[in-house]
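Chain A is the first sequence line, chain B the second, and so forth, proteins listed ahead of strands; every chain is numbered from 1.
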2 protein chains.
Amino acid sequence: MNLTEDKLDATFAALADPTRRAILRRLTGGAASVSALAEPFAMSMPAVSKHLRVLQRAGLIVRGRKAQWRPCTLNAKPLKQAAQWIDQYRKFWEESFDRLDAYLKGLQAKRKKHAK
Amino acid sequence: MNLTEDKLDATFAALADPTRRAILRRLTGGAASVSALAEPFAMSMPAVSKHLRVLQRAGLIVRGRKAQWRPCTLNAKPLKQAAQWIDQYRKFWEESFDRLDAYLKGLQAKRKKHAK
DNA sequence: TAGTTACGTAACCGATTGGTTTATTACAAG
DNA sequence: CTTGTAATAAACCAATCGGTTACGTAACTA
């Protein structure tokens with residue numbers, strides 16, 4: 001079993017939904033209750049509750065307990081590993097190291113030749 | 001419509017699968033045919049073909065044509081936006097800015113008090 | 001021309017996702 | 001003890017996902 005890979009699965013899957021990304025963004029401003037988090041969205045509370053469960057299973061939020069409220073708190077740590085994974089590819093999108101760049105330049109050169 | 005958000009959806013969704021991440025990793029070594037990409041995996045070629053379509057729709061690969069081969073080329077540019085998005089949260093996982101840190105420290109302080 | 005190789009398409013399947021509505025639980029305030 | 005509020009649970013639904021097998025097709029090869 002590869003724990004790191006599984007974590008990346010859960011993290012990226014959690015980030016693949018705009019509602020969940022918006023929730024994370026909101027939590028950068030501090031902890032919030034479920035109904036507070038649901039307020040900006042045109043969807044029912046159970047739907048938001050499900051999104052929160054996805055975020056929790058990815059470790060991106062932690063849920064507390066305050067009377068009948070369950071305040072959610074941001075935990076950005078899983079994003080660190082995601083950032084590190086993506087960073088492997090930095091050299092491929094920076095400068096002219098990009099393999100697509102080489103490919104497209106090749107095509108361009110070919111076209112110029114034909115145009116002559 | 002928000003193009004950037006849609007792109008992030010597609011990018012993160014594409015990255016959420018270990019097979020697709022392995023394919024991207026493989027392509028850092030240069031372009032490869034579909035069968036070459038399929039070789040390491042215990043799955044049929046159509047399955048790999050579907051993964052490639054997901055990667056293509058996310059803009060993470062470009063497909064060429066060389067006789068009966070369809071060489072796939074890495075295009076890391078969408079990862080740049082993904083990295084930028086994640087980077088918004090860097091300060092939350094670095095140092096002690098993490099909100100969870102504060103929360104857990106709060107709990108710890110509470111427990112100490114009770115233990116007295 | 002016939003056969004082989006490399007790949008895509010189509011149809012199908014079970015599991016998961018993202019949403020709903022309708023209970024149900026937990027707590028606080030009268 | 002009743003009522004209201006915050007949230008989860010359960011059941012359901014359509015759509016998507018990740019895989020399969022079967023078939024189609026384009027291009028090289030004998």
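The side chain of A:Met43 lies closest to C:dT20, out of D:dA7, C:dT20, D:dG19.
Side-chain contact between A:Thr19 and A:Met43 is present, with at least one heavy-atom pair separated by less than 4.5 Å. Under the 4.5 Å side-chain criterion, counting only non-hydrogen atoms from C-beta, A:Tyr89 is in contact with B:Leu74. A heavy-atom distance below 4.5 Å is not found between the side chains of A:Val34 and A:Leu37.
When atom types are taken as modelled, the side chain of B:Ser49 and the backbone of B:Met45 share no donor-acceptor pair closer than 3.5 angstrom. The backbone N or O of A:Ala14 lies less than 3.5 Å from a partner atom in the side chain of A:Arg20, making a donor-acceptor pair. Here the side chain of B:Arg21 pairs a donor or acceptor atom with the backbone of A:Glu5 at under 3.5 angstrom.
If you check residues 47-60 of chain A against DNA chain D, the residues with a heavy atom closer than 4.0 Å are A:Ser49, A:Lys50, listed by number.
Close to C:dG18, at under 4.0 Å from its OP1 or OP2, lies a side-chain N or O of A:Arg20. At C:dC7, one or more side-chain N or O atoms of B:Ser35 fall inside 4.0 Å of OP1 or OP2 (strictly under the cut-off). Between B:Ser33 and C:dA6 there is no side-chain N or O to OP1 or OP2 distance below 4.0 Å.
Between the CH2 atom of A:Trp69 and the P atom of D:dG4 there is a distance of 16 Å, given to the nearest Å. The distance from atom CD of A:Glu39 to atom P of D:dA7 is 13 Å, rounded to the nearest whole Å. The separation between B:Met45 atom CE and D:dT21 atom C1' is 14 Å, rounded to whole Å. In this structure, B:Ile23 places its CD1 atom 11 Å from P of D:dG18, rounding to the nearest Å. Spacing between atom CG of A:Leu15 and atom C1' of C:dT17 amounts to 16 Å, rounded to whole angstrom units. Note: CG (B:Asp9) to P (C:dG18) measures 10 Å, nearest angstrom. Per the geometry, CZ belonging to A:Phe41 stands 10 Å off P belonging to C:dG19, to the nearest Å. As a whole-Å value, the separation of A:Arg63 CZ from C:dA26 P is 16 Å.
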side-chain contact (heavy atoms from CB on, under 4.5 Å) between A:Ile23 and A:Arg26, worked out: CA-CA 5 Å; A:Ile23 288 173; A:Arg26 167 73 162 74; 5.5 Å; no

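A:Leu15 and A:Trp85 fall within a single hydrophobic cluster, where Ile, Leu, Val, Met, Phe, Trp and Tyr side chains are chained together by heavy-atom contacts under 4.5 Å.
Across all strands shown, A:Ser44 has heavy atoms under 4.0 Å from base atoms, whether or not it also approaches the sugar-phosphate.
For the residue pair B:Cys72 and B:Leu27, the shortest heavy atom distance occurs at O-CD2, 3.5 Å.
With the nearest nucleotide of DNA chain C identified for both A:Gln68 and B:Pro46, B:Pro46 has the one nearer the 5' end.
Recorded end-axis angle for the helix from C:dT1-D:dA30 to C:dG30-D:dC1 stands at 10°, based on five pairs per end and rounded to 10 degrees.
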